[in-house]
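Have a look at the structure below, then the notes.
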Amino acid sequence: MPAFVLAIATAAPASAQSVDAAALSLEDLLEVTVTGAAKYAQKQSEVAAAASVITRDEIKAFGWRTLDEALSSLPGIHTSYDRQYGSIGTRGIGLPGDYLTRVLVAVNGNRINDALYDGGTVGRDFPVDIDLVERIEFIGGPGGAVYGQNAMFGVVNIITRDGASLDGGEAAVAWKSRGNQREARISWGRRLENGVDAMFSVSGLRADGQTLNMAYPGAGPGGSDVAGRVAGQDGERDREFFARVARGAWSAEMASGKRRKDDPTASFFADALADGHYQRDAYSVMQVQYRQSYLNDRLEVLARAIYGRQRYDGIYRYSGVPNLARGESDWHGGELRLLHTGIAGHKLLFGAEWQRNSRIMQSNDDPTTVGIDTLIRGDGRRHGIYFQDEWQFADAWTSVVGLRADRSDVGGSQISPRLGLIWQAAPATTLKMLYGRAHRAPNAYERDYDDAVSQIANPGLDNEIVDTYELIADHRLGNGTSLRASLYRWRLDDIISLTTDAASGLTQYRSGQRIDARGIELSAARHWLSGVRLRGSVSFQDVTQAAGRELENSPRWLGRLNLIYPLPWHGLRLGYEYRFEGRRRTLDGAILDAYSLSHLNLSAEGWIRGMDLSLAVRNLFDRRYRHPGADSNWQDSFTQDGRAVLLKMDYRF
């Protein structure tokens, strides 16, 4: 830990200017409400999981621009970037090329994992501008007892701002030095006199990209290596739209994003050093929701109707001939949830959820020929019912019993239980003993894609199932300090991974292997009334697969430190972030060195009325480090970005 961080943290002068969060009591700061764990509001001490919350004030203080940047500040989470997509690994599992299929991502409770790849999004392809996020909830461990499919290693629930919190217009612009990246946003929101709360926002990003030194092992004639400088092939474009309207018990919202990322890596073994490779993603998710209380607030009814749309296309050149790959999915569905608190000591949750995947399409085509070379169509449905009883059977004891039954066209029938015992050992100490199971059915890409050139289908894939045991201890000290220790063990059966078929020599997804893990997470947070906030964590995660082999892209050690420090000059505030990530193993068996990063963000409020300014330096000491590549890349690993400067201005009107 850098010495100067400890020095300024322990100083914590009472004269430092406080920030908005300092207006809250220490109790409020340490007990932020969580809604994503059980689908109803709970204090963190009541959640049957190791739940963490990132607030909007923290997002501003550290200058984060994507969800994965924010999530990587939490215990047990590490990031990966392959110059196409940003992703996260949780508790040691983040397989290269995995499209975040084992974490469920939701916006205001509406899941955005698509119907084709079953993947969540946490990078630039996430369809909501991070400036519109009120808080990020991360519930670690299995959430299958409430959410079903995909909630194996965590649930990320994004709570957005509403019209009342904006209370007018906002405009923002930002510029980042690396890649000449420019961002802009304009938003408006207000709660009107007739009770309607409305918010609308449009965002855009454009980046020229960097000139990179790239290597393509085996991409040349006769399997020779190719290397060179790649210019003009790392650009990025992104645009997003968000709207929300609510009145009384009713609300409706829409989030839509479209992103294009040029591809300097020649993914899927395309022509090395060739121009014109790109991947493009579009997401739209909508929901209409009704929430109302009955029986003197003893029964809460929530009903929602959802619609989602995902589109992917990419151009890859082979021997100079362009190849167009597409993937599309549409889905709709609904959920009915009842929360009953009329029985003393009990919170009873009942729910039913269904989803119809009306369109699943995959294609691969050489546009220079007539007809589509590969076209795979499908559809499907899934539905589930769930129940949970949170029972306080003694003054200091609460049990949590949950069960969900799911059925889908692909995964068949699955049962996901959750058991928890929570002991309030003392007013400041909570112990939680937890067990949970979650599952994931093979997605359409893993199961059905077959072009007879690079990959063959495998309709016999099994479901992945994870069982997790966890012991959590939370303790608070009287000086505004909170401590947490989490000890866990999980086992994942029938993991789906890409292998080579011996008969055809082509790649094929197969299941059957088992992964075992054990780990411990130690974290602490301290809040001063002056507005200074400090939190940090150390995580150890030991993840092995068959014959005790170390899992790929699974750092054994993680360290995190985050400091917010109001400076005593002109409303300035400093946000400092330190990250340590242990060595990682690549798919080819190489070991990538451990590394540490420092990020700095200096923000100013009130210099000009209605205007906030910030100056961020990412990778402050210009460290060189690498992340593992996927089995669809020429490269075994990718060099990550060096130092970058980000300037941002927000104006309220």
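For the atom pair L431 CG and W397 CH2, the distance stands at 8.0 Å (nearest 0.5 Å). Taking CG of L592 as the start and CZ of R584 as the end, the distance is 8.0 Å to the nearest 0.5 Å. Rounding to the nearest 0.5 Å gives a distance of 6.5 Å between CZ of R489 and CG of D516. Rounding to the nearest 0.5 angstrom, the gap separating the OG atom in S399 from the CZ atom in F393 is 5.5 Å. Note that CD1 of I93 is 8.0 Å distant from OG of S554, once rounded to the nearest 0.5 Å. Here D389 contributes atom CG and F350 contributes atom CZ; the two are 8.0 Å apart, rounded to the nearest 0.5 Å.
A 4.5 Å side-chain heavy-atom check between R518 and T544 finds every atom pair outside the cut-off. Proximity of F387 to L348: side-chain heavy atoms (C-beta onward) are separated by under 4.5 Å at one or more points. Using a 4.5 Å heavy-atom cutoff, the side chains of E183 and V173 are not in contact. Considering only heavy atoms from C-beta on, W423 stays 4.5 Å or farther from T398 through its side chain. Residues I422 and M433 are not in side-chain contact: their nearest non-hydrogen atoms beyond the backbone lie 4.5 Å or more apart. Residues L597 and F580 are not in side-chain contact: their nearest non-hydrogen atoms beyond the backbone lie 4.5 Å or more apart. No side-chain heavy atom of S614 sits less than 4.5 Å from a side-chain heavy atom of K60. Side-chain contact between L434 and I472 is present, with at least one heavy-atom pair separated by less than 4.5 Å.
S187 and S201 are linked by a side-chain donor-acceptor pair at a separation below 3.5 angstrom, with hydrogens and angles left out of the test. With 3.5 Å as the limit, one finds a donor-acceptor pair spanning the side chains of E581 and Y595. Residues E137 and T35 bring a donor and an acceptor atom of their side chains to less than 3.5 Å of each other. Of the N and O atoms on the side chains of R623 and S598, not one donor lies less than 3.5 Å from an acceptor on the other residue. When only modelled atom types and interatomic distance are considered, D82 and H627 share no side-chain donor-acceptor pair under 3.5 Å. Checking Q388 against R418 by side-chain atom types alone, a donor-acceptor pair falls below 3.5 Å. Between the side chains of T160 and N108, at least one donor N or O lies within less than 3.5 Å of an accepting N or O. S482 and D474 are not linked by any side-chain donor-acceptor pair at a separation below 3.5 angstrom, with hydrogens and angles left out of the test. Using modelled atom types, one finds a donor on one side chain and an acceptor on the other under 3.5 Å when comparing E390 with Q42. Checking R643 against N619 by side-chain atom types alone, no donor-acceptor pair falls below 3.5 Å. Side-chain N/O atoms of D467 and Y435 include a donor and acceptor closer than 3.5 Å. With 3.5 Å as the limit, one finds no donor-acceptor pair spanning the side chains of E300 and S293.
Scanning all heavy atoms of the two residues, the minimum distance from L646 to K176 falls at CD1-CB, 3.8 Å. Scanning both residues, E69 and G63, for their nearest heavy atoms gives OE1-O, 4.4 Å. The two residues G144 and R404 come nearest to each other via the heavy atoms O-CD, 3.4 Å. In this structure, Y651 and R609 approach most closely via the heavy-atom pair CE1-O, 3.6 Å. What you find for A70 and W64 is that their closest heavy atoms are CB-CE3, 3.5 Å. The heavy-atom pair separating P127 from I112 by the smallest distance is CD-CD1, 4.2 Å.
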* To do: Give the C-alpha distance, both sets of side-chain angles, the deciding distance and a yes or no for side-chain contact (heavy atoms from CB on, under 4.5 Å) between T121 and L100.
  => CA-CA 7 Å; T121 63; L100 208 60; over 6 Å; no
* To do: Go through R585 and E552 one step at a time and tell me if the salt bridge (Lys or Arg N to Asp or Glu O under 4.0 Å) criterion holds.
  => CA-CA 5 Å; R585 183 176 179 270; E552 296 85 4; 2.8 Å; yes
* Verdict with supporting geometry, D167 and R652, salt bridge (Lys or Arg N to Asp or Glu O under 4.0 Å) -> CA-CA 9 Å; D167 196 27; R652 295 180 296 277; over 6 Å; no
* Asked: Does the pair S603 and D612 meet the rule for a side chain to side chain donor-acceptor pair (under 3.5 Å), with working shown?
  -> CA-CA 7 Å; S603 56; D612 297 339; over 6 Å; no
* Please step through salt bridge (Lys or Arg N to Asp or Glu O under 4.0 Å) for the pair D57 and R573, ending with a clear verdict. => CA-CA 11 Å; D57 188 67; R573 182 165 60 154; 3.0 Å; yes
* To do: Check step by step if ring pair (Phe, Tyr, Trp, His ring centres under 6.0 Å) holds for W490 and Y469.
  => CA-CA 6 Å; W490 57 261; Y469 302 86; over 10 Å; no
* Take H439 and M152, measure what side-chain contact (heavy atoms from CB on, under 4.5 Å) needs, and give me the verdict at the end. => CA-CA 6 Å; H439 72 280; M152 301 181 71; 5.8 Å; no
* Starting from the C-alpha separation in whole Å, work towards a yes-or-no answer on side-chain contact (heavy atoms from CB on, under 4.5 Å) for N479 and R526. => CA-CA 8 Å; N479 60 357; R526 174 78 187 271; 3.7 Å; yes
* How far apart are the C-alpha atoms of R626 and D593, what are their side-chain angles, what is the distance that settles it, and do they pass the salt bridge (Lys or Arg N to Asp or Glu O under 4.0 Å) test? -> CA-CA 8 Å; R626 301 177 70 85; D593 291 337; over 6 Å; no
* Take K347 and E46, measure what side-chain contact (heavy atoms from CB on, under 4.5 Å) needs, and give me the verdict at the end. => CA-CA 12 Å; K347 292 182 181 179; E46 300 170 342; 4.1 Å; yes
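Between the side chain of R111 and the backbone N or O of Q149 there is at least one donor-acceptor pair closer than 3.5 Å. A donor-acceptor pair under 3.5 Å is absent between the side-chain atoms of N562 and the main chain of E577, judged by distance alone. Q640 places a side-chain N or O within 3.5 Å of a backbone atom of Y81 that can act as its donor or acceptor partner. With R102 contributing its side chain and A151 its backbone, the two residues share no donor-acceptor pair below 3.5 Å. Between the side chain of Q541 and the backbone N or O of P555 there is at least one donor-acceptor pair closer than 3.5 Å. For the pair R533 (side chain) and Y565 (backbone), a donor-acceptor distance under 3.5 Å is absent. The closest donor-acceptor contact from the side chain of R161 to the backbone of D131 lies under 3.5 Å. In this structure, N601 contributes its side chain and A61 its backbone to a donor-acceptor pair below 3.5 Å. When atom types are taken as modelled, the side chain of D129 and the backbone of S203 share no donor-acceptor pair closer than 3.5 angstrom.
Residues E134 and R56 are paired through a salt bridge, judged by an N-O separation under 4.0 Å between the basic side chain and the carboxylate. Using a cutoff of 4.0 Å between basic side-chain nitrogens and carboxylate oxygens, R178 and D641 are not scored as salt-bridged.
Looking at V122, V105, L67 one by one, the single match for side-chain contact (heavy atoms from CB on, under 4.5 Å) with I88 turns out to be V122.
Contacts of E470 classified as side-chain hydrogen bond (donor to acceptor under 3.5 Å, both in side chains), with partners at least two apart in sequence or in another chain: R91, S486.
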